[in-house]
Amino acid sequence: MKKISVIVPAYNEEESLPLLIERMNKIMEQMKEYEFELLFVNDGSKDKTIQIIKEMREKDNRISYVDFSRNFGKEIAMIAGLDYATGDCVIFIDADLQDPPELIPELVKYWEQGYDDVYAKRRSRKGEAWLKKFTSKMYYKVLQHLTQVEIQKDTGDFRLLDRRCVNALKKLRESQRNTKSMFSWIGYNKKEVLYDRDARIAGKTKWNYIKLVDLAIDGITSFTTSPLRLSTFIAIPTFMLLFGYFAYVIAKCFVVHKAIQAFQAIILLILFFSGVQILLFGIIGEYLGRIFNETKNRPLYLVNEYNGKKEMNEK
Ligand code: UDP
Ligand code: MG
């Protein structure tokens with residue numbers, strides 16, 4: 001019997017958990033041909049979340065949990081979930097029921113067809129302000145321009161991952177995690193499933209705009225080092241301006257026989273030195289980017305098949 005691990009990161013979710021369990025029970029009832037594990041990662045909740053999880057585990061041994069020493073954030077909760085999951089595949093799901101568990105049979109169906117990463121794509125988002133939707137859309141656009149890796153739009157963390165994706169993700173152990181970028185980075189056979197994202201069932205969102213900007217910057221800087229290249233790009237027009245102005249002043253000097261004036265010399269000096277400085281920054285940035293990529297210590301590649309056998313990334 002194949003085993004499915006459902007990973008639920010939970011931070012102050014005492015109100016949502018009973019409702020989540022209720023709906024998950026129905027799904028597990030429907031899918032009797034699979035063994036289930038419901039793995040909660042309690043991310044340092046300050047309410048009764050952990051007590052509720054412990055009570056639930058007493059009644060149902062399919063429930064297990066990892067309890068963090070403090071709040072580490074959802075990204076870290078997710079990697080802990082991957083580390084502790086024992087299933088042949090895992091499914092990430094939010095505790096607040098914004099990701100409908102009713103989609104799980106469909107995700108599993110595609111997994112059985114041989115897909116490794118079945119991700120749920122939002123057709124609509126309920127209960128979210130238009131500004132959040134708009135910024136999220138623009139963000140994906142910018143990110144896609146900055147990187148070579150293909151990014152899935154309108155996709156959260158709600159997805160099914162085959163064991164070999166899990167093993168691959170476990171190898172990416174950088175501390176500043178941006179899991180979304182990692183899902184793209186690992187590759188493998190991806191399949192998209194559309195769904196309507198519901199509004200949060202109870203409690204409040206843990207996100208605010210400061211956290212979102214944080215996440216956005218993390219996303220860009222973990223995906224690519226192109227912001228570091230910015231100074232190189234600024235240096236080029238600066239030097240063009242310098243040469244243009246220099247040519248103009250010199251030409252005037254010789255053609256009209258007018259001596260170089262003090263303000264012209266100052267402009268030339270400013271352009272020259274700021275150009276040199278920006279260029280040097282750019283060079284430092286290029287090296288810094290390389291160091292950054294090396295220190296991430298990622299595996300250089302991931303293999304899909306070897307001699308017709310699926311590579312499981314166990315080593
Ligand atoms: N979460 C977590 N640690 C945190 C913040 C959130 O484990 O520090 C969990 C939270 O319990 C929920 C999921 O991550 O299961 C998504 O959080 P939330 O609903 O607040 O985010 P949103 O859906 O608004 O993006
Ligand atoms: Mg939510």
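Sequential numbering from 1 along the given sequence is applied to the chain's residues. Values in this document were obtained by computation on a predicted structure and should not be read as measured data.
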Any side-chain donor paired with an acceptor under 3.5 Å for T86 and E37?
yes
Would you kindly check if the NZ (Lys) or CZ (Arg) of K2 is within the cone defined by 45 degrees around the ring axis of W111 and under 6.0 Å from the six-membered ring centre?
yes
SG-OH distance between C165 and Y115, expressed to the nearest 0.5 angstrom:
13.5 Å
Could you tell me whether K48 atom NZ has more than 12 heavy atoms of other residues or ligands within 6.0 Å of it?
no
Whether F92 and F183 hold their rings parallel, tilted or perpendicular, with breakpoints at 30° and 60°
tilted
State whether the number of non-hydrogen atoms from other residues, nucleotides or ligands found under 6.0 Å of R229 atom CZ is greater than 12.
no
Restricting to ring-ring contact (aromatic ring centres under 6.0 Å, His included), what partner residues turn up for Y195, sequence neighbours left out?
F158
Does T179 offer a backbone N or O that forms a donor-acceptor pair with the side chain of E75 under 3.5 Å?
yes
To check you understand the geometry: which heavy-atom pair defines the closest contact between I186 and L172, and what is its length?
CG2-CD1, 4.4 Å
Would you compute the distance between atom CZ of R62 and atom OG of S5 and round it to the nearest 0.5 angstrom?
13.0 Å
Side chain to side chain, V90 and L160, heavy atoms closer than 4.5 Å
no
ILVMFWY cluster, V276 and F281 together (side-chain gap under 4.5 Å)
no
Inter-residue atom distance Q98.CD - R122.CZ, 0.5 Å rounding
9.0 Å
Heavy-atom check, side chain of T135 versus side chain of Y139, under 4.5 Å
no
Enclosure of F292 CZ (heavy-atom neighbours >12, cutoff 6.0 Å)
yes
Are R197 and D99 within salt-bridge range, i.e. N to O under 4.0 Å?
yes
Ignoring hydrogens and angles, tell me if any N or O in the side chain of Y119 forms a donor-acceptor pair with the backbone of G156 under 3.5 Å.
no
Pair S274, Q277: side-chain N/O donor-acceptor within cut-off below 3.5 Å:
no
Could you tell me which residues satisfy side chain to side chain donor-acceptor pair (under 3.5 Å) with N167, sequence neighbours excluded, listed by chain and number?
R163
Atom CG in L17, atom CG in D96: separation rounded to 0.5 Å?
10.5 Å
Give a yes or no answer on whether the side chain of N12 reaches the backbone of K46 with a donor-acceptor pair at less than 3.5 Å.
yes
Please report the shortest heavy-atom distance between G282 and T232, naming the atom on each side.
CA-OG1, 3.6 Å
Between L38 and S64, is any pair of side-chain heavy atoms under 4.5 Å apart?
no
Does R70 use its side chain to pair, donor to acceptor, with the backbone of G44 at less than 3.5 Å?
no
Check this for me: K170, atom NZ, are more than 12 non-hydrogen atoms of other residues, nucleotides or ligands nearer than 6.0 Å?
yes
Give a yes or no on whether F272 and I260 share a hydrophobic cluster (residues Ile, Leu, Val, Met, Phe, Trp, Tyr; joining criterion: side-chain heavy atoms under 4.5 Å apart).
yes
Are I234 and M240 connected into the same hydrophobic cluster when the rule is that any two of I, L, V, M, F, W, Y join if their side-chain heavy atoms are below 4.5 Å apart?
no
Taking CD in E294 as the centre, count heavy atoms belonging to other residues, nucleotides or ligands within less than 6.0 Å. Is the count above 12?
no
Using the rule that Ile, Leu, Val, Met, Phe, Trp and Tyr join whenever any side-chain heavy atoms are under 4.5 Å apart, tell me whether L241 and I270 fall into a single cluster.
no
L161 vs L169, test: side chain to side chain contact (heavy atoms under 4.5 Å, CB included). Steps then yes/no.
CA-CA 10 Å; L161 297 161; L169 286 167; 3.6 Å; yes
Which atom names give the shortest non-hydrogen contact between L39 and A85, and what distance separates them?
CD2-N, 3.7 Å
E174 side chain near M182 side chain, heavy-atom distance below 4.5 Å:
yes
Give a yes or no on whether a salt bridge exists between K74 and D94, defined as a side-chain N under 4.0 angstrom from a carboxylate O.
yes
Under 6.0 Å from the CZ atom of F233, do we count more than 12 heavy atoms belonging to anything else shown?
no
With clusters defined by side-chain heavy atoms of hydrophobic residues (ILVMFWY) lying less than 4.5 Å apart, directly or transitively, does V108 cluster with M1?
no
Do Y84 and I7 pass the side chain to side chain contact (heavy atoms under 4.5 Å, CB included) test, and can you show the C-alpha distance, the side-chain angles, and the key distance before you say yes or no?
CA-CA 9 Å; Y84 283 87; I7 301 175; over 6 Å; no
Beyond-backbone contact of M78 with R177, side-chain heavy atoms, under 4.5 angstrom
no
Do Q152 and R159 touch side chain to side chain, with heavy atoms closer than 4.5 Å?
yes
Compare all side-chain heavy atoms of I104 with those of M24 and state whether any distance is below 4.5 angstrom.
yes
Considering only residues two or more places apart or on different chains, which pairs with a residue in residues 50-75 satisfy ring-ring contact (aromatic ring centres under 6.0 Å, His included)?
F68-F72
Are there over 12 heavy-atom neighbours, none belonging to I210, within less than 6.0 Å of that residue's CD1?
no
Any Lys/Arg nitrogen of E286 or R290 sitting under 4.0 Å from an Asp/Glu carboxylate oxygen of the other?
yes
No-hydrogen, no-angle side-chain donor-acceptor test under 3.5 Å, T49 and E14:
no
Which atom names give the shortest non-hydrogen contact between A80 and V41, and what distance separates them?
CB-CG1, 4.4 Å
So, T224 side chain and S226 main chain: donor-acceptor pair closer than 3.5 Å or not?
yes
Identify the heavy atoms of A235 and I278 that sit nearest to each other, and give their distance.
N-CG2, 3.7 Å
Electrostatic pair D117-R164, nearest N-O below 4.0 angstrom
no
Keeping the roles fixed (side chain from N71, backbone from D43), state whether a donor-acceptor pair exists under 3.5 Å.
yes
Mind checking whether P105 and Q30 have side chains closer than 4.5 Å, heavy atoms only?
yes
Is there a side chain to side chain contact (heavy atoms under 4.5 Å, CB included) between Q264 and Q261? Walk through the geometry before answering.
CA-CA 5 Å; Q264 289 173 325; Q261 286 173 296; 3.8 Å; yes
More than 12 heavy atoms of other groups within 6.0 Å of K137 NZ:
no
Restricting to non-hydrogen atoms, name the atom on A10 and the atom on A95 that form the minimum distance, rounded to 0.1 Å.
CB-CB, 4.3 Å
Return the CG to CD distance between L97 and E22, rounded to the nearest 0.5 Å.
9.5 Å
Show, in sequence, the C-alpha distance, side-chain angles and deciding distance for D162 and K310, and conclude whether the salt bridge (Lys or Arg N to Asp or Glu O under 4.0 Å) test is met.
CA-CA 11 Å; D162 183 66; K310 278 189 174 184; 5.2 Å; no
Lys/Arg-Asp/Glu bridge criterion (N-O < 4.0 Å) met for R123, D196
yes
Reported OH-to-CD distance for the pair Y34 and E112, which is rounded to 0.5 angstrom
3.0 Å
